[in-house]
Each structure stands twice: as C-alpha cells, then as structure tokens.
Asks: 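Below: one structure in structure tokens.
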Amino acid sequence: MKYFVLLIVLLGGPGWRLLTWVRDRNMAVATGTAAYRQGDAVRAATAFAAALATRPHRAPDPRLLLNLAHAQSRSGQLAPATATYGRLLTGSPAGLGSVARQQLAVLAARQGDIAR
C-alpha cells in the first residue's frame with residue numbers, strides 16, 4: 001500500500017518532474033550533439049538551450065554552456081555567443097574559462113574589434 005501511495009505522489013505531483021528532468025536534459029544534449037556534428041549549429045544551439053532550461057534554478061553546467069556558446073557562434077548568433085562565453089568567465093573550471101576567453105577574442109576579431 002505504501003508503495004502505491006508513493007507511486008501516486010510521484011506520478012501526480014512535482015516528484016514526477018524530478019524524475020524526468022534528467023531524461024529531458026540527456027535527450028536535449030544528445031540532439032544538440034548530433035546536430036552540431038552534422039553541421040546544424042542552429043538546431044544544436046536550440047537543443048543545448050533546451051537542456052539548460054530543464055533546471056533553470058540551478059547553476060548551469062559549464063560544459064553545456066560552452067557547447068551552447070560554440071553552437072551560437074557557429075550559427076552566426078554573435079551577441080548571444082558573446083554573452084554565453086561571458087558567463088563562463090567566473091565560477092567555471094579554469095580550462096573552460098580559458099577557452100571562453102579565447103573564443104571571446106576570436107569573436108571580437110571577427111567583428112573587427114582588434115583592440116579588445
């Protein structure tokens with residue numbers, strides 16, 4: 001009986017969302033990765049953004065942010081890419097922050113802002 005009640009609570013309440021966010025995130029990441037590999041950066045960016053949206057109240061996974069920024073950059077979404085790379089400059093592992101700084105320099109150079 002107690003397992004039946006637990007099942008009802010999980011399926012009918014907010015507990016269900018707690019069980020499905022991992023699946024939703026993983027599916028979005030897989031979609032984004034496949035799209036990026038196929039050269040569809042717009043679809044990849046959309047999928048990576050969806051993966052980040054599965055847990056909006058938590059700190060985002062910096063690796064996922066980096067994937068999103070790369071896809072945004074490749075799809076010509078330079079302002080969003082700059083903002084996403086900027087999010088990686090603080091609180092991210094040093095290696096990812098370094099990649100973000102390098103990519104910000106690349107974006108600045110592409111826009112003719114050599115001084116930056």
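Every value quoted in this text rests on a predicted model; they were computed, and no experiment measured them. The residues of the chain are indexed from 1 along the displayed sequence.
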Asks: Using atom types as modelled and distance alone, determine if a side-chain donor or acceptor of S92 lies under 3.5 Å from a backbone N or O of L89.
Replies: no
Asks: Can you list every pair that meets side chain to side chain donor-acceptor pair (under 3.5 Å) and has a residue in residues 56-65, with sequence neighbours left out?
Replies: R25-D61, D61-R63
Asks: Please identify each residue that fulfils side chain to side chain contact (heavy atoms under 4.5 Å, CB included) with A108, with sequence neighbours left out.
Replies: D113, R116
Asks: Of the non-hydrogen atoms in A100 and L88, which two are nearest, and what is the gap between them?
Replies: CB-CB, 3.7 Å
Asks: Where is the tightest heavy-atom contact between W21 and T54, given as atom of each residue plus distance?
Replies: CE3-OG1, 4.0 Å
Asks: Would you name the heavy atoms of P60 and L52 that are closest together and state the gap between them?
Replies: CB-CD2, 3.7 Å
Asks: Closest heavy-atom contact between V29 and A51?
Replies: CG2-CB, 3.8 Å
Asks: With rounding to the nearest 0.5 angstrom, report the OG1 to CG distance, T31 to D40.
Replies: 11.0 Å
Asks: Is R37 reaching over with its side chain to a backbone N or O of T33, donor-acceptor style, under 3.5 angstrom?
Replies: no
Asks: Can you give the donor-acceptor pairs under 3.5 Å from side chains of residues 70-79 to other protein atoms, not counting sequence neighbours?
Replies:
{"from": "H70", "atom 1": "ND1", "to": "Y85", "atom 2": "OH", "distance (Å)": "2.6"}
{"from": "Q72", "atom 1": "OE1", "to": "T84", "atom 2": "OG1", "distance (Å)": "2.8"}
{"from": "S73", "atom 1": "OG", "to": "R110", "atom 2": "NH1", "distance (Å)": "3.4"}
{"from": "R74", "atom 1": "NH1", "to": "Y36", "atom 2": "OH", "distance (Å)": "3.3"}
{"from": "S75", "atom 1": "OG", "to": "A71", "atom 2": "O", "distance (Å)": "3.1"}
{"from": "S75", "atom 1": "OG", "to": "Q72", "atom 2": "O", "distance (Å)": "3.0"}
{"from": "S75", "atom 1": "OG", "to": "Q77", "atom 2": "NE2", "distance (Å)": "2.8"}

Asks: Shortest non-hydrogen contact from L96 to P62?
Replies: CD1-CB, 3.6 Å
